[in-house]
Amino acid sequence: MTKITLGKGINAGLRAAMEADPKVVVMGEDIGKLGGVFRVTEGLQKDFGEDRVIDTPLAESGIIGTAVGLALRGYRPVCEIQFDGFVFPAYDQIINQVAKMHFRSHGRIRMPVVIRIPYGGGIGAVEHHSESPETLFAHVPGLKVVSCGDPVDAYWMIQQAIATDDPVVFFEPKRRYHEKAELDESVPPALPLHQAKVVREGTDATLLCYGPMVKTCLQAAEAAVEDGRQLEVVDLRTISPFDLPTIFASVKKTRRAIVVHEAPYTLGPGSEIAARVTEECFYHLEAPVLRVTGFDTPYPPSRMEEDYLPDLDRVLDGVDRVMGY
Amino acid sequence: MTKITLGKGINAGLRAAMEADPKVVVMGEDIGKLGGVFRVTEGLQKDFGEDRVIDTPLAESGIIGTAVGLALRGYRPVCEIQFDGFVFPAYDQIINQVAKMHFRSHGRIRMPVVIRIPYGGGIGAVEHHSESPETLFAHVPGLKVVSCGDPVDAYWMIQQAIATDDPVVFFEPKRRYHEKAELDESVPPALPLHQAKVVREGTDATLLCYGPMVKTCLQAAEAAVEDGRQLEVVDLRTISPFDLPTIFASVKKTRRAIVVHEAPYTLGPGSEIAARVTEECFYHLEAPVLRVTGFDTPYPPSRMEEDYLPDLDRVLDGVDRVMGY
Amino acid sequence: MSESVPGITPEVFAPVEAPVSPPQASEEVEFVQLLTPEGERVEHPDYSFDLDDEAIKGFYRDMTLVRRIDTEATALQRQGELGLWASLLGQEAAQIGSGRALNSKDMVFPTYREHGVAWCQGVDPLRLLGLFRGVDQGAWDPRENNFHLYTIVIGAQTLHATGYAMGQQRDHAIGDAENGEATIAYFGDGASSQGDVNEAFIWASVFNAPVVFFCQNNQWAISEPIDRQTRIPLYQRAAGFGFPGVRVDGNDVLATYAVSQQALSRAREGSGPTLIEAYTYRMGAHTTSDDPTKYRLSEDLEHWKLKDPIERVRAYLTRTAGVDHDFFDQIDAEADGVAATLRAGCLSMPEPELTDFFDTVYVEQTPQLVEQKEQFAAYAASFEGEVR
Amino acid sequence: MSESVPGITPEVFAPVEAPVSPPQASEEVEFVQLLTPEGERVEHPDYSFDLDDEAIKGFYRDMTLVRRIDTEATALQRQGELGLWASLLGQEAAQIGSGRALNSKDMVFPTYREHGVAWCQGVDPLRLLGLFRGVDQGAWDPRENNFHLYTIVIGAQTLHATGYAMGQQRDHAIGDAENGEATIAYFGDGASSQGDVNEAFIWASVFNAPVVFFCQNNQWAISEPIDRQTRIPLYQRAAGFGFPGVRVDGNDVLATYAVSQQALSRAREGSGPTLIEAYTYRMGAHTTSDDPTKYRLSEDLEHWKLKDPIERVRAYLTRTAGVDHDFFDQIDAEADGVAATLRAGCLSMPEPELTDFFDTVYVEQTPQLVEQKEQFAAYAASFEGEVR
Ligand SMILES: Cc1ncc(C[n+]2csc(CCOP(=O)(O)OP(=O)(O)O)c2C)c(N)n1
Ligand SMILES: Cc1ncc(C[n+]2csc(CCOP(=O)(O)OP(=O)(O)O)c2C)c(N)n1
Ligand SMILES: [Mg+2]
Ligand SMILES: [Mg+2]
């Protein structure tokens with residue numbers, strides 16, 4: 001058992017993956033000596049060399065485009081995008097190449113590329129450093145999209161993402177990098193990569209969340225007890241594909257659901273979940289699926305992010321609304 | 001009254017906008033002498049000169065990035081992206097610059113940029129030439145997204161898009177470029193840009209569609225009469241923002257709705273519409289909002305596109321399902 | 001370059017210091033040439049052609065066959081058997097010269113027009129048609145032929161090539177000119193404007209990757225002439241990134257072979273990237289959907305016809321190498337055979353089924369796609385027997 | 001460049017023909033210099049400084065004040081008043097020299113570090129702080145100061161600048177070196193690798209746009225040294241695109257002025273783009289969040305301290321121009337005043353309200369955002385009086 005943070009969990013997971021498979025290479029801006037701006041790759045270049053931990057020129061399309069070539073050569077590149085807002089210069093390579101190569105080749109080519117993106121707000125940063133663009137990947141066939149909500153998942157999920165032969169966009173909740181937990185590396189991961197987990201059981205309504213919002217929702221569920229409400233909290237973990245059976249089972253039980261994410265409301269992941277849950281649980285629902293999310297504005301200057309981001313109170317307000325039907 | 005095609009409608013609309021305002025410039029690949037690969041800009045360079053109808057180097061990020069600069073200088077650039085699948089090299093400039101400039105400047109700067117994208121399938125083309133990426137723009141705060149479904153709308157909507165001071169992504173249903181209609185330029189446009197229109201009245205269920213699917217849904221509604229069903233067809237016209245009042249009014253009347261689009265299912269525009277309609281019309285709905293859409297695969301080789309794309313039969317199949325609740 | 005922004009009064013454009021006018025087809029262009037349009041061998045101080053006449057006969061055969069394949073594919077498109085075709089007409093020497101300079105371990109990243117290079121790599125021409133017929137998106141195995149799938153998004157493959165070359169470095173697969181491996185990336189003059197291509201130059205240079213950038217400057221990017229992309233010769237771009245660039249007569253198969261050979265050797269040895277600009281001309285339309293009469297003069301075409309890549313080799317073989325009619329007749333007969341096989345193969349290509357395409361989105365299939373596939377299959381089955 | 005891919009056995013990397021090692025700080029670097037680190041005036045065949053000592057005193061004042069502003073902002077960050085600060089320390093000469101070469105109608109597109117250029121354009125330094133404090137994203141009007149908003153996405157502004165310059169062409173606003181307009185785009189050495197920057201070079205060259213690309217090569221892109229971006233001097237990049245490039249001593253304000261002046265004149269006259277590489281050094285951390293001890297040696301810093309841009313002007317003014325202590329004391333006092341005003345302004349910046357930010361997403365507001373705004377306002381009001 002070791003005490004790790006979420007950031008260190010990913011670091012340890014990367015290290016384990018690199019030790020297990022010499023074809024795993026890590027690439028990105030400032031990931032070498034500096035260990036990345038969040039220190040997630042700290043120590044890796046020292047131990048695995050500049051050949052496997054590659055400080056790249058400053059160009060995201062180049063990072064992903066060369067990763068495609070390395071993957072075609074049999075490597076398993078793990079690319080770091082420094083912040084959420086800087087993935088877009090690479091978007092064409094991700095959407096048109098990484099996502100489609102397996103399909104284009106009718107299954108002959110595999111693209112085991114992991115794209116790590118520290119995402120979300122709450123760290124007081126300037127523009128482009130606090131965004132939640134997961135819809136822009138989850139809508140795209142050919143990509144898988146996941147996000148870890150706690151340090152133990154961070155450790156295992158990054159390894160599972162690297163091990164899969166499909167491309168995975170791996171969203172890291174940057175403001176949770178310092179969350180701590182106990183990790184026992186000898187216990188195999190409890191769940192496969194694309195399965196959601198019920199992190200708190202409840203009966204009155206289900207909070208569906210992932211990444212940075214898992215902690216927020218757990219706190220909200222704790223607080224709701226005072227109001228006599230037992231909320232179930234589901235950490236989705238996988239955004240593409242969604243683990244629908246787990247979601248449906250919980251909602252059929254509680255008959256009410258709220259999706260919570262930092263991403264903007266319109267066409268955020270919550271829209272798909274709401275639509276699916278409604279279709280599948282139409283006769284079970286006591287209320288429409290509600291959403292507590294970021295607003296449909298660009299991410300605001302950081303002095304306002306507390307108001308922009310869903311927090312305990314906004315979640316509880318959503319619970320009030322959903323219970324009001 | 002003149003008979004025009006949808007493609008000629010846009011051409012005429014561009015011409016009218018350029019005549020009305022010398023600050024309107026048109027830019028893109030092959031739009032000059034060739035008149036664009038779909039001839040939508042035919043004749044414009046001859047009449048307005050190479051200064052206002054600019055054949056650009058072959059680089060989409062450059063097209064949008066320089067359009068931003070031209071807009072900052074007081075111009076109103078209309079950019080042509082040759083095909084849907086080629087917009088992604090420009091995605092960063094669209095998402096991070098075009099969409100956010102007004103917000104970033106707290107309203108001081110305006111970005112009257114129109115991005116024209118011929119989109120959708122059905123023309124037997126090779127990869128990247130048949131996609132429907134509207135979600136990837138409609139999810140982004142700061143952009144407006146529209147699509148025209150008939151020649152008369154094509155003529156007016158392009159002018160309205162150019163006239164607005166917000167950036168507009170203008171999706172042109174390429175397989176409908178040759179659809180014909182009568183246009184009377186002297187009659188002002190019936191609707192503002194961001195309003196949906198009921199193109200066929202009905203009572204049993206509402207088909208919500210836009211762009212290339214308007215014609216398909218109208219045909220389906222016609223065919224449904226044989227089954228004794230009166231379908232209402234709403235041409236959304238605007239995808240961001242949605243015209244929710246028109247949508248809600250129709251669904252509250254018919255109590256059943258199907259969203260039809262070519263874009264993939266998961267997180268397609270239909271997901272948001274389904275979620276909103278459910279929330280607003282919860283007690284009116286006889287059935288969940290269903291979706292008839294492209295599948296969650298990359299666009300397939302064209303010999304299969306007839307099966308991939310929603311057609312009359314798939315829409316009617318959806319109608320059967322929604323009536324079955 | 002006042003012509004580039006007409007409508008702006010010319011006097012505000014003083015002449016710039018850097019050279020501006022792209023070379024005109026009618027002017028003499030500086031490039032490496034080893035065989036003149038008239039079929040005469042010439043020498044070049046830095047590049048020599050060291051193969052014998054048998055090899056040249058081989059090149060003749062290659063060029064003739066790929067041109068025949070190309071013609072047949074165009075015909076198939078006209079007859080509705082293909083949705084589209086991108087012709088290589090006029091670019092045979094650029095493709096065969098560079099393609100034949102490849103070793104068996106070198107890797108190729110093509111655009112959508114490299115039918116000649118595909119031929120050199122042993123890709124069955126029939127396999128090229130699927131993409132254009134709309135039944136697949138490239139039905140060859142890139143690993144079998146060391147020939148990657150066609151890439152339609154302009155320039156994207158140059159980064160793939162560079163990454164692949166970085167993989168060759170990491171595999172210690174470079175070392176000497178014979179046994180080392182190299183990667184070659186093809187792209188067009190238009191592509192040179194894409195950010196990706198320039199990033200590939202940077203990557204290749206910074207990591208000294210074993211990659212050859214082979215630009216076929218066929219003077220046109222659909223309707224846009226080369227001066228929309230650059231105001232100086234394209235090969236000079238490389239110098240700005242710190243690696244060598246060279247312009248070769250792209251219609252001279254001996255020269256494209258020699259220049260490619262040298263660049264590939266440099267790469268295999270570990271001396272890093274080279275940019276080759278093969279100066280050529282797109283004799284046909286951009287694709288079968290295009291109408292070049294809208295934007296270019298027929299005189300240009302006539303001018304370039306005199307520089308035909310195949311004719312000059314035939315002239316050389318006839319006049320200098322003493323090759324007789326039999327040889328040419330035999331190749332023509334072979335070409336007819338190849339074309340007939342191609343046509344027959346095209347006509348008998350199996351029709352694809354959408355249901356087969358749900359399983360190759362992911363390696364590890366998702367429950368959602370299984371469901372969509374099943375629903376679609378059930379739906380399609382409900383029409384069985386009916387004509388939809 | 002075997003050092004760039006360590007771990008690969010060196011013998012597979014034969015030396016490349018093109019130059020490989022980027023100049024080291026300790027080596028002598030070729031550039032335009034008009035004032036040595038010791039404060040001595042030197043002449044250059046192509047560039048001359050034609051202003052008098054009063055102007056040099058002005059530059060001294062500018063540099064001193066912006067350094068003081070920078071120091072104060074760093075202090076404010078340390079005290080929690082700013083979330084972040086990107087220091088210009090060491091780059092004052094590059095920014096003031098180029099900034100003072102601008103005419104009133106020239107337009108500037110900065111990155112996030114051009115506080116010195118902002119100063120030259122008359123932007124109130126307090127306005128720069130909002131972005132870093134997290135209350136706004138740049139609270140100046142770009143049109144008032146001809147100084148665009150800071151752009152954080154690396155390189156994106158170079159295309160904006162080029163488009164703006166194309167607008168200047170279309171407005172017939174170029175013509176002669178005095179009355180014509182030009183645009184200047186600032187960017188870093190790291191940015192030179194972005195596709196956008198290279199596309200901007202292509203656009204500017206093809207359209208001969210009146211834009212000056214001003215690259216502050218401060219040797220670092222966060223933790224990455226310049227050899228991660230290029231293996232030859234950056235200014236040479238321009239030649240590959242067909243326009244002039246020049247490297248200037250970025251710590252020499254006379255030289256950066258003279259070189260910028262000439263490039264801007266060329267642009268204003270209609271002679272097209274120039275790339276200027278101002279060879280300088282980032283004396284501080286990348287931003288206040290950065291820890292440079294992780295990746296660079298303190299010796300380097302010591303070496304560069306000897307080339308300080310302000311010290312050499314002070315030496316010149318004292319030794320050659322006979323400026324006495326009073327002048328320097330007066331500037332120091334002025335700097336303290338500017339700093340105090342800045343600090344006071346920062347501390348009294350109004351706290352922004354999220355409700356004000358729903359109305360500037362669009363010019364024509366959407367019903368959805370009105371609804372979200374109203375809901376949020378009602379929700380926020382429900383906490384009135386409570387401490388959330
Ligand atoms: C990113 C992107 N933008 C636009 C297109 C459409 N398009 C296809 S080919 C072409 C011209 C390419 O010219 P060039 O690079 O010179 O190659 P050539 O066709 O002449 O061989 C264009 C604009 C595309 N395929 N990809
Ligand atoms: C597209 C993009 N990728 C990554 C970043 C993160 N980032 C901010 S500054 C920087 C380094 C920039 O280096 P350089 O261009 O040399 O400018 P300098 O900071 O040295 O002035 C990086 C990688 C960014 N802002 N934008
Ligand atoms: Mg070309
Ligand atoms: Mg730098």
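Residue numbers begin at 1 in each chain, while the letters A, B, ... track the order of the sequences.
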Please determine if C:Asp141 and A:Arg108 form a salt bridge, counting it only when a charged side-chain N lies under 4.0 Å from a carboxylate O.
-> no

Straight-line distance of A:Leu70 CG to C:Arg170 CZ, nearest 0.5 Å | 6.5 Å

Hey, could you give me the OG/CD distance between A:Ser61 and C:Gln194, rounded to the nearest 0.5 Å?
-> 9.0 Å

Under 4.5 Å, heavy atom to heavy atom: which of residues 75-84 of chain A reach chain C? Give them by number, or say none.
-> A:Tyr75

Could you check whether the rings of C:Phe357 and A:Phe103 sit parallel, tilted or perpendicular, using 30° and 60° as the cut-offs?
-> perpendicular

Considering residues at least two apart in sequence or located in another chain, which fulfil the salt bridge (charged side-chain N to carboxylate O under 4.0 Å, His left out) criterion with A:Arg237?
-> A:Asp153

What residue, out of A:Ile63, A:Asp243, A:Val25, A:Asn96, has the most heavy-atom pairs lying under 4.5 Å from chain C?
-> A:Ile63

Output the option from A:Lys100, A:Lys144, A:Met111 having the highest count of non-hydrogen pairs under 4.5 Å with chain C.
-> A:Lys144

Given side chains that start at C-beta, do those of [X] and [Y] come closer than 4.5 Å, heavy atoms only?
| X | Y | result |
| --- | --- | --- |
| A:Phe242 | C:Thr366 | no |
| C:Asp136 | A:Arg104 | no |
| A:Ile109 | C:Leu149 | yes |
| A:His102 | C:Val361 | no |
| A:Leu72 | C:Arg143 | no |
| A:Gln93 | C:His160 | yes |
| A:Val68 | C:Tyr164 | no |
| A:Leu244 | C:Pro367 | no |

Closest non-hydrogen atom pair, C:Phe207 against A:Pro57 = CE1-CD, 3.6 Å

Do you know the tightest heavy-atom contact between A:Arg73 and C:Ala173?
-> NH2-CB, 3.8 Å

Answer yes or no: is there a donor N or O on one side and an acceptor on the other, between the side chain of A:Gln97 and the main chain of C:Ala156, under 3.5 Å?
-> no

Are any side-chain N or O atoms of C:Tyr362 and backbone N or O atoms of A:Asp166, one a donor and one an acceptor, separated by less than 3.5 Å?
-> no

Pick one of side chain, backbone, both or neither for [X], based on which atoms fall under 4.5 Å of a heavy atom in chain A.
| X | result |
| --- | --- |
| C:Ala165 | neither |
| C:Gln157 | neither |
| C:Thr151 | side chain |
| C:Gln137 | both |
| C:Glu181 | side chain |

Does any backbone or side-chain atom of [X] lie under 4.5 Å from a heavy atom of chain C? Answer side chain, backbone, both or neither.
| X | result |
| --- | --- |
| A:Leu193 | neither |
| A:Asp92 | side chain |
| A:Ile54 | side chain |
| A:Ala59 | both |
| A:Lys23 | side chain |
| A:Asp165 | both |

Near A:Lys253 NZ, under 6.0 Å, is it more than 12 heavy atoms from other residues, nucleotides or ligands?
-> yes

CD (C:Glu178) with more than 12 external heavy atoms under 6.0 Å | no

A:Thr164 and C:Glu364: side-chain donor and acceptor closer than 3.5 Å?
-> yes

